[in-house]
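The structure presented is a predicted model; accordingly, all values stated were derived computationally and were not measured. If you read the sequence from its start, that first residue is 1, and numbering goes on from there.
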Amino acid sequence: MLKLALLGVSALLGIVGLVDAQSSVTVNVERTASHPIPSTLWGYMYEDISQSGDGGLYAELIQNRAFQLVSPGSGSALNAWQAVNGASLRVIQESVPVSSALPNALQVDFPTGRSGGVGFANTGFGGIKVTSGTTYTGSFFYRFPSSSGFQGSATVSLQSSSGSTLGSTTVNLSGSQTSWRKLTFSIRASSTPGNTNNRFVVTLDGRSAGGQSIHFTMLSLFPPTFKNRPNGMRIDIATTLAEMGPSFWRFPGGNNLEGQTVARRWQWNATVGPLETRPGRQGDWGYVNSDGLGILEYLHWCEDLNVEPIMGVWAGFALGGTSVPENQLQPFIDQAADQINFVIGDSSTGPGALRASLGHPEPFNLRFVEIGNEDFFGAASYVYRWRNFVNALKNRFPQIHFIATTNVNDPTLSPKPTEYDVHVYQTPTWFAENSFFYDNFARDGTKYFEGEYAAISTNPNDIFGSPANGRLVFPTMQSAAGEAAFMTGLERNSDIVFAAAYAPMLGDVNNHQWTPNLVGFDAGNVYRSTSFYVQKLFSLNRGDEYLPSTLPSRTGTLHWSVVRKTSNNQIIIKVSNTGGSTSRLTFNLPFNNVATSGTAQILTGSGTASNTPNNPNLITPQSRNIQTGRSFTFDAPAVSVSVLTFTAS
């Protein structure tokens, strides 16, 4: 995902500036709905970028836990690991690996003549958050390369940067253990340090362990996870994402689906089963993916969020430019079919039986599958790749909607796609001026997934440039208001737009490959952006039918949409004011019974202001009561997004 220039049909549209704010407009609302609003309209797009998986949503605290895809003997192989009190550490290629998937191990040599604890430590992903009273669960594999008479215990602890013990436990090691053995443990933290500069530490008594050599691999430590899922999600990030009330989750990407080469593509079957059997892969954003967060974890997450999966399958194109020839596609089509069968197949055979053996005999819900990702990069070959994949998969899974990922109708595809995925990265101004993006699309049965969009720069001539040249580091109030204007158009056109997602969803504020991100995080905190609050306001204030109204000016700074929630006769009006001054809207409603009061939720602030780690709550939605009626006025603040709710029948 998220690469190169303006994507899809958006490339055909110009960049225009904002006009002066309108002083007032009159909006006449119609009684009869024009169309139902799909329940899938607002949700998330996910891929492992900017440590959003390992070190982010995935709750594992140990970085480089299994030495996956590192070069034994190199200094970089010890990334995040440190020696403690004179121990010698090096990553080796094991003569007896714990599994064929994990050929490497950490060799720890204990020097003679040392006292106190000697061993090794891990610094986590930019630190480890430790909270008093919290129980951390972990495990590791160990073996002695040659049998010895050693009998002793290892102290497994969490320590502050000053060496203070924050919680510890012990496990017993035996020198006669020359085959791999897995040990499990739990650590209950006894204090909360003032920062996250903490370490996971394993030590042995220096006197008794002197001269010993011990091998370790797959060292893991988890805090409590979201809904207590084993191998699950980090609670604070997961809770933040859940509070938006999303209706779908697109996975596993994004560019991270594709791989720079065919061999490095994401493969579902390499992400299931015990962690020690998952080899990991070189991700497409510069770091190794452990694949601890695999297809089953994604699907459990969808269940825990009560969202629909929109799943991508690899479709014969790698980011390095390789397209698999047509006469060599069949193994990859079969792998895609197996991936789908893992999700929905019969539990008595094949991939469905594998799913059942992993604890989920019932099929998961799956209605939407994307064929590839951003295949306008390989448009010429997508003609035959789409044809071969869709014809084969549709024959096996006629109930599934298959989504095309090239530019809309360019090239011409056969069979004609019933759904397209459209991506747009642009300026706040562009989004504000293109709320009518879908209004002129043909109503020919084709549906659209706005699968990635975000205002990422203020410079239309260098959208993907650096912060020094206009690139946003964090969403601003201006960018959020522009996106909201665009989203009113998505809601107005939800007869053909069935889903939409901001991207990227998540990024480490200290270690990222892309900005801005919807939600930021570090080892200890989560940061909700202005764009996140816009997504939340739209998602939590849904209607089930769209009410036509006076259309906004295509060149104006005020944008709105009106929907109705029929279960409680609630009218929901969303307003974006991208202009620099307050503007008044007068709403005229055709209903006989309109409440005399309602609620306004308003997000507003300086246009260039952002929520940042230094000021995470600078701009948040504020609620107040408003007077409503068959005709009422609302003053939309400068650079604001507002949601008005009241009842009418």
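- For the atom pair CG (N231) and CG (L296), the distance works out to 9.0 Å, reported to the nearest 0.5 Å.
- With Y438 as the aromatic partner, R492 does not meet the cation-pi criteria of under 6.0 angstrom to the ring centre and within 45 degrees of the ring axis.
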I'd like to know whether F437 forms a side chain to side chain contact (heavy atoms under 4.5 Å, CB included) with L490, so could you lay out the CA-CA distance, the side-chain angles of the two residues, the decisive distance to 0.1 Å, and finally the verdict. CA-CA 8 Å; F437 188 84; L490 297 179; over 6 Å; no
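- Going from atom CG of L293 over to atom CG of L57 covers 6.0 Å, rounded to the nearest 0.5 Å.
- In terms of modelled atom types and a separation under 3.5 Å, the side chain of T550 and the main chain of N28 share a donor-acceptor contact.
- Of the possible polar contacts, none joining the N256 side chain to the G283 backbone as a donor-acceptor pair under 3.5 Å is found.
- For I371 against V313, the heavy-atom pair with the smallest separation is CD1-CG2, 3.8 Å.
- Side chain of E483 to backbone of A455: a donor-acceptor contact under 3.5 angstrom is found.
- Contact check on R250 versus D421 returns a salt bridge, with a Lys/Arg side-chain nitrogen under 4.0 Å from an Asp/Glu carboxylate oxygen.
- Between L366 and F397, the closest side-chain pair of non-hydrogen atoms is not below 4.5 Å.
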Side chain to side chain contact (heavy atoms under 4.5 Å, CB included) assessment of L472 paired with T515: CA-CA 6 Å; L472 299 180; T515 63; 5.8 Å; no
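- Under the 4.5 Å side-chain criterion, counting only non-hydrogen atoms from C-beta, Y420 is in contact with T406.
- Side-chain contact between D54 and N289: present, with at least one pair of heavy atoms (C-beta onward) separated by less than 4.5 Å.
- Taking every heavy atom of both residues into account, G312 and L257 meet most closely at O-CD1, 4.1 Å.
- Under the 4.0 Å criterion applied to side-chain N and carboxylate O atoms, R229 and E297 are not assigned as salt-bridge partners.
- Rounding to the nearest 0.5 Å gives a distance of 11.5 Å between CG of L537 and CH2 of W42.
- Counting heavy atoms from C-beta on, the side chains of W268 and V343 never come closer than 4.5 Å.
- For the atom pair CG (D410) and CZ (F376), the distance works out to 11.5 Å, reported to the nearest 0.5 Å.
- Judged purely by atom type and a 3.5 angstrom limit, S561 has no side-chain atom pairing as donor or acceptor with the backbone of G489.
- Side-chain polar atoms of D508 and S50 form no donor-acceptor pair below 3.5 angstrom.
- For CD of Q627, the number of neighbouring non-hydrogen atoms (other residues, nucleotides, ligands) closer than 6.0 Å is 12 at most.
- No donor-acceptor pair under 3.5 Å is formed between the side chain of S642 and the backbone N or O of V575.
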Show your working on side chain to side chain contact (heavy atoms under 4.5 Å, CB included) between V594 and F646 and close with a plain yes or no. CA-CA 8 Å; V594 180; F646 54 91; 4.0 Å; yes
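- In this structure, L299 and H360 have side chains that are not in contact, with every pair of non-hydrogen atoms separated by 4.5 Å or more.
- Residues S247 and S539 are not in side-chain contact: their nearest non-hydrogen atoms beyond the backbone lie 4.5 Å or more apart.
- When atom types are taken as modelled, the side chain of R554 and the backbone of P552 share no donor-acceptor pair closer than 3.5 angstrom.
- Remark: aromatic rings of Y58 and F222 are close, center separation under 6.0 Å.
- In terms of heavy atoms, R471 sits closest to P516 at NE-CD, 4.5 Å.
- For the residue pair A636 and L558, the shortest heavy atom distance occurs at CB-CD2, 4.4 Å.
- Side-chain N or O atoms of S531 include none that pairs as donor or acceptor with a backbone N or O of L518 at under 3.5 Å.
- With salt bridges taken as basic N to acidic carboxylate O contacts below 4.0 Å, none links D544 and R542.
- The number of heavy atoms from other shown groups lying within 6.0 Å of NZ (K565) does not exceed 12.
- No close placement of the F474 and Y527 rings is indicated, their centers lying 6.0 Å or farther apart.
- For the pair T240/F532, a side-chain contact is recorded, criterion being any heavy-atom separation below 4.5 Å from C-beta on.
- Residues N592 and R31 approach most closely at N-NH2, 4.1 Å, considering heavy atoms.
- Less than 6.0 angstrom separates the ring centroid of F368 from the ring centroid of F498.
- Inspection of the H559 and T488 side chains reveals no N or O donor paired with an N or O acceptor under 3.5 Å.
- Side chain of T557 to main chain of T578: no donor-acceptor pair is present (N/O by atom type, distance under 3.5 Å, no hydrogens or angles).
- Contact record, A499 with I310: CB-CD1, 4.5 Å, taken as the closest heavy-atom pair.
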Under the side chain to side chain contact (heavy atoms under 4.5 Å, CB included) rule, what do K574 and V643 come out as? Steps first, then yes or no, please. CA-CA 5 Å; K574 302 179 180 78; V643 177; 4.2 Å; yes
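- By the 4.5 Å heavy-atom criterion applied to side chains, F521 and R234 are counted as neighbours.
- With values rounded to the nearest 0.5 angstrom, N373 atom CG is found 4.5 Å from E258 atom CD.
- T225 contributes no side-chain N or O that, together with a main-chain N or O of P230, makes up a donor-acceptor pair within less than 3.5 Å.
- Distance check: L603 CG to S640 OG gives 8.5 Å after rounding to the nearest 0.5 Å.
- Within the 3.5 Å criterion, the main-chain N or O of P637 finds no donor-acceptor partner in the side chain of T582.
- For the pairing with F538, the side-chain contact (heavy atoms from CB on, under 4.5 Å) check across N541, L540, V534 returns one residue only, V534.
- The number of heavy-atom neighbours closer than 6.0 Å to CG of D444, taken from other residues, nucleotides and ligands shown, is above 12.
- Using modelled atom types, one finds no donor on one side chain facing an acceptor on the other under 3.5 Å when comparing N611 with N617.
- The ring of Y425 has its center closer than 6.0 angstrom to the ring center of W514.
- Ring pair F486/Y453 is tilted by interplanar angle, where 30° to 60° counts as tilted.
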